[in-house]
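Remember, predicted model here, so these are calculated numbers, not experimental data.
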Amino acid sequence: MPRLSEVIAALEKLWPPERAESWDAVGTVAGDPDAEVSRVLFAVDPVQETVDEAVKLGADLLVTHHPLYLRGTTTVAATTFKGRVVHTLIKNDVALHVAHTNADRADPGVSDALAGALDLRVTGPLVPDPTDPAGRRGLGRICEVEPPVTLRELVGLAADRLPATAQGIRVSGDLDATIRTIAVSGGSGDSLFADVRAAGVDAFLTADLRHHPASEAREQSPLALLDAAHWATEQPWCELAAAQLDEISDRNGWGLRVHVSKTVTDPWTAHAASNATPIPTGAPN
């Protein structure tokens, strides 16, 4: 049975912390390096629900994509929700490790998993990592749609293949347009519009698209936009990451039991279409 330090060393070979953005907060948040690890849980968010799931599962290590303390803190008091997370982890001997933008840039990384969920063929990174001479690492991915489909069909595929959320998939563009190439980026992607336009693709699948960047992107080109929930675009990475750790465990004879959280931690819980029947707000007269 490996120690936590051995498992973390293996994870940091997959997602070296030095490849994270300068503003990011990746790495081990809690855990004793000498503690033994037998069960690992992967999840997108380090929230109380996933921590409680790790405890119930008997996991020794929780690996999340999103950081717990992205902007730092001066307290871990249990009077705050993040403090309660830390207290729950420590009381139950569960370590927490974060792989965020270093997992975004990895080969394979978050956007590879997103492309894989839709059976898209990755041809390269959207924003190549200049430190990678092979040209495989970087943010986002450029993909081919084989065979080409209409935007309507692509939206249906994304809705079917990505984890279900209240938002579903928002779309902008001609639904009958043919889509042969697409850029994908797990998580918030509207800072990448210039790179998407430069790539010359037919569509862009990402999350958290804001009004002004999306409007300007549509005015500048016929680019089709698919806007999914942030959590839904990153959850496929958990499956990929778990499979990578499984392979490492088998190679080293560790016998780890690796799990992927099925808890939906997307913060949005309901959606009403604009033409839907109004939801009653009070008792009938």
We want to know whether [X] and [Y] form a side-chain donor-acceptor pair, criterion being a heavy-atom distance below 3.5 angstrom.
X: S221; Y: R197; answer: no
X: Q48; Y: T88; answer: yes
X: T131; Y: R137; answer: yes

How far apart are the closest heavy atoms of [X] and [Y], and which atoms are they?
X: D266; Y: A229; answer: OD1-CB, 3.5 Å
X: L68; Y: V29; answer: CD2-CG1, 4.2 Å
X: W237; Y: G109; answer: CD1-C, 4.0 Å
X: S261; Y: T263; answer: OG-N, 3.1 Å
X: A207; Y: A228; answer: CB-O, 3.1 Å
X: E153; Y: T150; answer: OE1-N, 2.9 Å

So, the side chain of R141 versus the backbone of G138: is there a donor-acceptor pair under 3.5 Å, distance only? yes
Pairing of D132 and R105 as salt bridge, 4.0 angstrom limit: no
Salt-bridge contact E239-K262 (side-chain N to carboxylate O under 4.0 Å): yes
Could you tell me the separation between the CG atom of L151 and the CD1 atom of I179, rounded to the nearest 0.5 Å? 5.0 Å
How long is the straight-line distance from CG of D104 back to CG of D112, given to the nearest 0.5 Å? 10.5 Å
Note, [X] side chain near [Y] side chain (heavy atom, < 4.5 Å):
X: F204; Y: S185; answer: yes
X: H66; Y: V98; answer: no
X: W15; Y: Q244; answer: yes
X: V184; Y: C143; answer: yes
X: D32; Y: L4; answer: no

Atom [atom1] of [X]: over 12 foreign heavy atoms under 6.0 Å:
X: R180; atom1: CZ; result: no
X: R136; atom1: CZ; result: no
X: R210; atom1: CZ; result: no

Among V51, D52, V55, which one satisfies side chain to side chain contact (heavy atoms under 4.5 Å, CB included) with N92? V55
Single-linkage hydrophobic cluster I90~L62, side-chain heavy atoms < 4.5 angstrom: yes
